[in-house]
Amino acid sequence: MSSRVRRERPELKTPEQIAIMRRSGALLSEVHDMLARELRPGITTGRLDALAEEMIRDRGATPNFLGYQGYPATLCISVNEEVVHGIPGDRELLDGDIVSIDGGCILQGWHSDAARTHIVGTPRGADDERLVEVTREAMWTGIAALASAGRVGEVGAAIEDLVDAANDAAPAGAAELTHLEGFGGHGIGRAMHQAPDVMNYRTRDRGPKVVPGLCVCIEPMLIQGPGDWRMLEDDWTVVATRGGRAAHWEHSIAVTADGLLVLTAADGGAAELSARGVTAARDPIGAAGASA
Ligand code: MF3
Ligand code: CO
């Protein structure tokens, strides 16, 4: 989403509501797994969109992007220099393309929202692999920070520090990774976008308190080179204007009384959180498998 400052108090969800959001998120995780299997050179972005819509509807849910402020598809698929909100269509994916797939669904009234970035076939170079890995790591670092945060603003601070450290550690001549300016994460629940804003960098506003029932999307968007962008004529696609390619990772997360639950990860976040010294909350659906 774009940055609209959401200052209302976040709506807190009950454990029963979080359990339904978990089902919505687990379905979305399976949709992403299916898309990862289908991704190959020659497939069109429109075909991926159709497969996602079919699976979401088959499972008794509905797409939430479709019709949102007139958005025409189930997924946003953003390729290479496209950062977010690319509209699926006839474009055929090529070997080496960087493909950010963002999707969401509504199950029994409850929204989920998650994005993953893939490289099709053989990466074009180390800079592209680094971009995708650092963006994914920025997401998990932000999620892990939420576990011990007093205020939501600590998520953005942790993401900023991770990106700074990754840039410092990058080999000489590597592209500097920067944030897409003016975009960030958000609360989620009975609507896709709720309070609070969840920025990907430090802000003066420390944000609301982190308390059980808070449900947010954490979604770093990084670009190789400066974070300047423009909107394409379709009024949706956000494109980096100073040359670099981009990546976007996103999970929906619930804060519960016994820890974090990563709603859109197959294992509720257990593996990635424990790798960062954080214990995930008990998963109400007991799903097994690895997180994305
Ligand atoms: N996941 C996206 C976000 O939070 C939602 C895409 S906007 C839509 O920004 F219109 F495409 F749905
Ligand atoms: Co989002």
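This is a predicted model, so every value here is computed, not measured. Residue numbers start at 1 and run along the sequence shown. When a ligand or atom number is given, it counts from 1 through the structure's own listing order. Every heavy atom of this structure was used, including side-chain atoms; hydrogens, water molecules and symmetry mates were not.
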Less than 4.0 Å is my threshold; does some heavy atom of C76 fall inside it relative to ligand 1?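 Checking ligand 1 against C76, which is what was asked, there is a heavy-atom contact under 4.0 Å.
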Where does [X] meet ligand 1, judged by heavy-atom distances below 4.0 Å: at the side chain, the backbone, both, or neither?
| X | value |
| --- | --- |
| Q69 | neither |
| Y71 | side chain |
| W236 | side chain |

Test side chain to side chain contact (heavy atoms under 4.5 Å, CB included) applied to Y71 and L66, I87, D235, the passing residue: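 That would be I87; it is the only one of L66, I87, D235 passing the side chain to side chain contact (heavy atoms under 4.5 Å, CB included) with Y71.
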For the pair D205 and R151, find out whether any cationic side-chain nitrogen is under 4.0 Å from an anionic carboxylate oxygen. no
Sidechain N-carboxylate O distance under 4.0 Å for R206, E154: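 Looking at R206 and E154, the cut-off is not met.
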Could you verify whether a donor N or O on one side chain and an acceptor N or O on the other, from [X] and [Y], lie under 3.5 Å apart?
| X | Y | result |
| --- | --- | --- |
| N200 | H179 | no |
| D113 | H186 | yes |
| S100 | S78 | no |
| T264 | H251 | yes |

Backbone or side-chain N or O of D113 under 3.5 Å from ligand 1 N or O: yes
Could you tell me whether any N, O or S atom belonging to E219 is less than 2.8 Å from the Co ion (ligand 2)? yes
OE2 (E250) - the Co ion (ligand 2) - NE2 (H186) angle, nearest 10°: 110°
In ligand 1, the atoms that come under 4.0 Å of a heavy atom of H193 are 3 (C), 4 (O), 9 (O)
E250 neighbourhood, listing ligand 1 atoms whose heavy-atom distance to it stays under 4.0 Å: 1 (N)
Can you tell me the N, O or S atom of D113 that's nearest the Co ion (ligand 2)?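 Minimum-distance N/O/S atom of D113 relative to the Co ion (ligand 2) is OD2.
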